[in-house]
Amino acid sequence: MIKNRLPSLLRHFPEGIPVASTRSYFVHQNDRKSGYRKKKDENIIKNVRDGLKQLKHEVKAWKEEVKERITHDPFEFINPGHVEPLWLFEEDDCLPSWKVSTDTDWGLGFSSASLERSNLGYAAFTGNLDTTVPKDGKTSRAGYCSMQSAEPRKSFQREDYYDWSLYTHLIMRVRGDGRTYRVNLASVGYFDVTWHDQWNYLLFTRGGPYWQIAKIPFSKFLLTAKGRIQDHQGPVPLDRISSLAIVCADKVSGPFRLEIDYIALQYDPSHTEKFAYEMYKVPDFTD
Amino acid sequence: MIKWLCLFFSYVLMVSSHSWLGLWLSMEMNSLSFVPIMIEESKESSLKYFLIQSVASVIFLASILSQSFSFLTPFALLIKIGAAPFHVWLISISKSVSWKVLAFLMTFQKIGPLLGLAMIQFTSSFFILISAVIGGLGGVNQSNIRLIMAFSSVSHLSWLMVNMTSFFLVSAYYVAYVVILLSVIALLSQSGLLSLAQMSDGTSLIYSASVMFGLLSLAGLPPFLGFFIKWMSLEMNLLSPTLILTLVLSSCLSVYFYFKIAVTSLLFPSEGGAQGAETLAILSMGFNVLLPLSAL
């Protein structure tokens with residue numbers, strides 16, 4: 001439960017939201033979620049019953065995987081310029097698989113967001129960004145809203161990755177409101193040093209009634225970890241992408257709206273750049 | 001620069017070491033020099049490599065220092081080399097690293113463990129069979145070129161292990177394998193293609209032909225260099241019929257996935273091509289075709 005907060009600020013928070021214990025005194029990270037975990041259901045019998053219900057579906061999925069691995073349907077040739085759709089929001093019903101979160105969920109701010117279908121059938125990521133900092137003595141900055149794709153899973157809920165190594169660009173057809181959004185590619189690895197690695201790209205939207213097609217080369221993504229730009233940069237590990245997220249956190253309070261038609265990948269062999277940013281050797285700071 | 005110097009010095013130490021401890025020391029130096037080279041490309045892969053090599057080094061050190069654990073020596077060396085059934089780390093790493101690092105992993109990084117295995121003349125039929133079978137079957141349903149080459153490396157390890165009875169035979173096979181593999185990897189890295197699905201972009205005929213020759217040489221088809229080293233392995237070693245049959249059949253499986261790459265590159269020819277790539281292609285063809293014919 002929330003403790004040590006002023007009553008005037010407490011009334012904005014829903015009851016029972018967990019408080020993330022994000023402080024860590026060690027280099028080693030022992031929690032992949034860094035404390036941002038929801039309380040698990042402790043009812044063992046219910047968990048076992050739910051697990052058994054899922055078992056049949058998971059075994060079926062596993063059989064399909066083995067069959068696919070053995071038969072390996074003939075692959076398609078990817079021609080130069082080939083566009084591979086990932087999420088077609090107008091046609092597919094993929095909205096429920098996206099997770100929307102804001103700083104309000106963790107008691108770290110007052111923003112709100114939702115991801116719904118617009119009148120014309122596109123995905124509309126809308127909400128209100130609030131940069132008011134809650135006076136809890138811990139938070140110094142506030143205001144973010146994000147929509148994140150579901151992490152791919154194999155049978156028995158094993159972790160899987162998107163393999164985008166054949167492609168060079170991320171294509172998004174969006175209609176924004178003139179704000180700057182951040183496109184995040186997460187690549188959660190086995191080891192704790194890579195758990196929080198994200199590659200970010202700033203998507204500048206035009207606003208107005210016209211759509212824009214953003215063709216973002218993967219070489220232009222910048223490595224960050226827990227929101228901090230890293231000194232040692234490198235290209236995106238395209239064979240191990242866990243999720244894609246679009247974040248509104250441009251420090252400007254007010255409503256936002258981003259409509260998305262589709263998100264796709266493109267193979268452009270003329271784009272040979274591996275990484276766009278020059279790496280200067282920084283001096284060793286011994287102090 | 002220092003890491004490259006340390007790496008090359010470790011190879012020199014490996015071949016000149018006269019004791020197990022010297023070999024262990026040089027292998028440690030080798031892996032510690034190689035990790036910074038890998039870390040530039042992929043943190044994940046370099047960490048996996050470091051952990052696997054460290055565990056294998058610990059087992060190796062324990063086995064050489066203590067008589068009770070001496071039976072673990074070949075296991076430690078097989079883990080280091082990436083032979084089946086300890087090959088999973090090699091396959092996992094191959095996908096994420098560049099061709100340059102993969103070339104090192106599949107060739108020069110094997111010097112130390114191979115020397116160790118040659119010292120104890122390790123010729124276990126079980127490991128030869130399992131490497132041949134897994135190397136052959138694993139590459140069959142792959143479309144990622146780097147994974148195909150990694151499985152081919154596992155398959156060739158079985159042939160290397162067959163020759164462990166004689167230091168000359170294993171050295172001859174290894175040198176020929178390195179020459180063929182480096183020529184093939186040099187060509188594949190020039191194209192920048194990662195998967196068979198991308199090969200529709202088109203490559204020049206001479207490039208495709210030299211890739212094909214290199215791959216057929218790796219497959220062990222005459223009159224290429226690869227055929228002669230495999231023939232030498234079968235002729236000069238006393239092998240059971242089961243082993244010979246398994247090795248030959250696994251080579252047939254390897255031919256299938258090598259042909260997949262070669263034929264796919266030939267399906268989409270184009271007239272263009274970089275001058276440098278054509279020179280490399282001609283050199284590669286020279287190694288694979290003319291070198292064995294000159295010996296005849």
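Every chain is numbered from 1 and lettered A, B, ... according to where its sequence line falls, protein lines coming before strand lines.
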Euclidean distance, R240(A) CZ relative to S45(B) OG, rounded to 0.5 Å: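 S45(B) OG to R240(A) CZ: 7.5 Å, rounded to 0.5 Å.
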Tell me whether [X] at atom [atom1] has more than 12 heavy atoms from other residues, nucleotides or ligands lying less than 6.0 Å away.
| X | atom1 | result |
| --- | --- | --- |
| R141(A) | CZ | no |
| F259(B) | CZ | no |
| I2(B) | CD1 | no |
| F50(B) | CZ | no |
| Y277(A) | OH | yes |
| K63(A) | NZ | no |
| W211(A) | CH2 | yes |

Can you list the residues of residues 190-197 of chain A that sit under 4.5 Å from chain B, counting heavy atoms only?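 From residues 190-197 of chain A, the residues near chain B are Y190(A), F191(A), V193(A), T194(A), D197(A).
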For chain B, which residues of residues 157-167 of chain A have at least one non-hydrogen atom nearer than 4.5 Å to it?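 Counting heavy atoms that sit under 4.5 Å from chain B, the residues of residues 157-167 of chain A involved are D163(A), S165(A), L166(A).
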Could you tell me which of K48(B), K95(B), E40(B) has the largest number of non-hydrogen atom pairs under 4.5 Å with chain A?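 Max contact count across the listed options: K48(B).
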Based on non-hydrogen pairs under 4.5 Å, which of L137(B), L47(B), L51(B) is most in contact with chain A?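 When all of L137(B), L47(B), L51(B) are compared, L47(B) has the most.
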Heavy-atom distance under 4.5 Å to chain A: side chain of S96(B), backbone, both or neither?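 For S96(B), heavy atoms of backbone and side chain both lie under 4.5 Å from chain A.
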